[in-house]
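Down below is the structure, laid out as structure tokens.
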Amino acid sequence: MRGTDETSGSLFSYVDLEERIPPRHPLRKIRQVVNDALASLDAEFEALYTDFGRPSIPPERLIRASLLQILFSIRSERQLMEQLNYNLMFRWFVGLGIDDQVWVPTVFTKNRDRLLTTEMSRKVMAAILAHREVAPLLSDEHFSVDGTLVKAWASMKSFQPKAEASPPDDDGPGDPPAPDTTPETEPSDSPAETDPMPRNSHRRRNAEVDFKGEKRSNATHVSATDPDARLYKKSPGTGAMLCFIGHALMENRSGLVVQGDLTQADGHAERKAALDMIHRHSPGSTRQLTLAADKGYDASGFVSDLRQACVTPHVAQKSRYSAIDGRTTRHEGYALSQKHRKRIEEPFGWAKTVGGMAQTLYRGVERVRSRFILTMAANNLARLPRLLTA
């Protein structure tokens, strides 16, 4: 018998949101870990808010919504709020009831900028890694480090010469006109009705720009869109672009990122960030740690700093003038570290294809850094369901 295609609206729904999510859905385990991690940060949240005024978006829901945006590649807060309005699974993950009002996108953005600073993103990542089910997956002795370019939200047309100081005899914005300046007199003849309408003299928004033959560098030019972005190229022969450098410290047992950072792009940023992350993760450690890295970290100063910090530098050797000698390469652990260090490209690839970090939507190194660290935390969450069931 053929069924009828008739729509009948129902006044009430008797199915709970919890029952609508499949029992083996990966988000169930992710939500459990996130809720436990956020519960451990309750004192941190309490210190950020006052006891009076208008209630803000609950920080737990704001962080869950931000993680959801990264996990499902939602490109904007406006689209996130739109999907929260009709996607029951998203409402369940964030903690909204089926009849709860969704936030205004601009209100969500302002609350997010106040809460998700670099320090808070690091605390969220640390709380997830300290979870009772996640901590046994981590190695506390063997690590790998690497960096990746994050394209800035600024075009090459915005990379303009720096404004030079005006000569002292120039008129300022509030100075009177010069003595030889004569005031303009109004024309006596009014324009004829048949004269063409005057055109606007301002430049088009997306004007054509020819950079050929022009020498540009970070010393003489700066981006008008994002002054923190730097012109940088990954290797000789490749094109330069306005970007930042994202850094990650990965433990070698399960391949989870334990520290993240983002800095301005320059030739020494990767090695400096590597030292900062290893000291931040294991401050004052007296255990013999190992740190694997590619050839870009093979510098005598970096290697000596690692040895002084009681860290064995398992850095890939350059073909010439390498700072790594037989004291390190003769051990079997060096070959294992070189094998495992390549897994750090997986979080970078996930962050750029799924997490939206191929080109950041944020401006300013602080905002981009906090988003990059939160994206690394989301990458860990995406891998947890499979790791915990293995």
Between the side chains of [X] and [Y], is a donor N or O closer than 3.5 angstrom to an acceptor N or O?
{"X": "T329", "Y": "Q317", "result": "no"}
{"X": "R24", "Y": "T389", "result": "no"}
{"X": "Q288", "Y": "E141", "result": "no"}

- prompt: Do the rings of F372 and F348 sit parallel, tilted or perpendicular, given the 30° and 60° boundaries?
  reply: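 Aromatic pair F372/F348 classed tilted.
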
- prompt: Does Y86 OH have over 12 foreign heavy atoms under 6.0 Å away?
  reply: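 Counting other residues, nucleotides and ligands, OH of Y86 exceeds 12 neighbours.
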
Would a single hydrophobic cluster contain both [Y] and [X], if residues Ile, Leu, Val, Met, Phe, Trp and Tyr are joined by side-chain heavy-atom contacts under 4.5 Å?
{"X": "Y297", "Y": "L149", "result": "no"}
{"X": "W153", "Y": "Y232", "result": "no"}
{"X": "W350", "Y": "F244", "result": "yes"}
{"X": "L231", "Y": "M241", "result": "no"}
{"X": "L137", "Y": "L336", "result": "no"}

Is it true that a side-chain atom of [X] and a backbone atom of [Y] form a donor plus acceptor pair closer than 3.5 Å?
{"X": "Q264", "Y": "D228", "value": "yes"}
{"X": "R230", "Y": "P227", "value": "yes"}
{"X": "D16", "Y": "E19", "value": "no"}
{"X": "R343", "Y": "M250", "value": "no"}
{"X": "E251", "Y": "L256", "value": "yes"}
{"X": "N379", "Y": "V257", "value": "no"}
{"X": "N252", "Y": "H340", "value": "no"}
{"X": "T375", "Y": "R371", "value": "yes"}
{"X": "E77", "Y": "P105", "value": "no"}
{"X": "T360", "Y": "M357", "value": "no"}

Flag the pair [X] and [Y] as a salt bridge only when some basic side-chain nitrogen lies within less than 4.0 angstrom of an acidic carboxylate oxygen.
{"X": "D294", "Y": "K318", "answer": "no"}
{"X": "K29", "Y": "E133", "answer": "yes"}
{"X": "D261", "Y": "R280", "answer": "yes"}
{"X": "R91", "Y": "D100", "answer": "no"}

task: Would you please test L129 and V258 for side-chain contact (heavy atoms from CB on, under 4.5 Å) and show each step?
output: CA-CA 7 Å; L129 296 174; V258 295; 4.0 Å; yes

task: May I ask you to check whether H281 and F143 place their ring centres under 6.0 Å from each other?
output: yes

- prompt: Taking the six-membered ring where the residue is Trp, are the ring centres of F72 and F90 under 6.0 Å apart?
  reply: yes

task: Check the pair H142, S337 against side chain to side chain donor-acceptor pair (under 3.5 Å), reporting the backbone distance first and the verdict last.
output: CA-CA 8 Å; H142 308 293; S337 293; 5.3 Å; no

Stepwise side-chain contact (heavy atoms from CB on, under 4.5 Å) check, L62 with L116: CA-CA 9 Å; L62 194 148; L116 285 177; 4.1 Å; yes

task: Could you please spell out the steps behind the side-chain contact (heavy atoms from CB on, under 4.5 Å) verdict for T312 and L289?
output: CA-CA 6 Å; T312 303; L289 309 179; over 6 Å; no

- request: Give the intermediate values and the outcome of side chain to side chain donor-acceptor pair (under 3.5 Å) for residues K295 and S319.
  value: CA-CA 9 Å; K295 294 180 181 180; S319 57; 5.9 Å; no

- prompt: side-chain contact (heavy atoms from CB on, under 4.5 Å) between H221 and K162: does it pass, once the steps are laid out?
  reply: CA-CA 5 Å; H221 289 63; K162 295 181 179 179; 5.7 Å; no

task: With the side chain counted from C-beta on, respond yes when T220 and R216 share a heavy-atom pair under 4.5 Å apart, and no when they do not.
output: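 T220 does not reach R216 side chain to side chain.
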
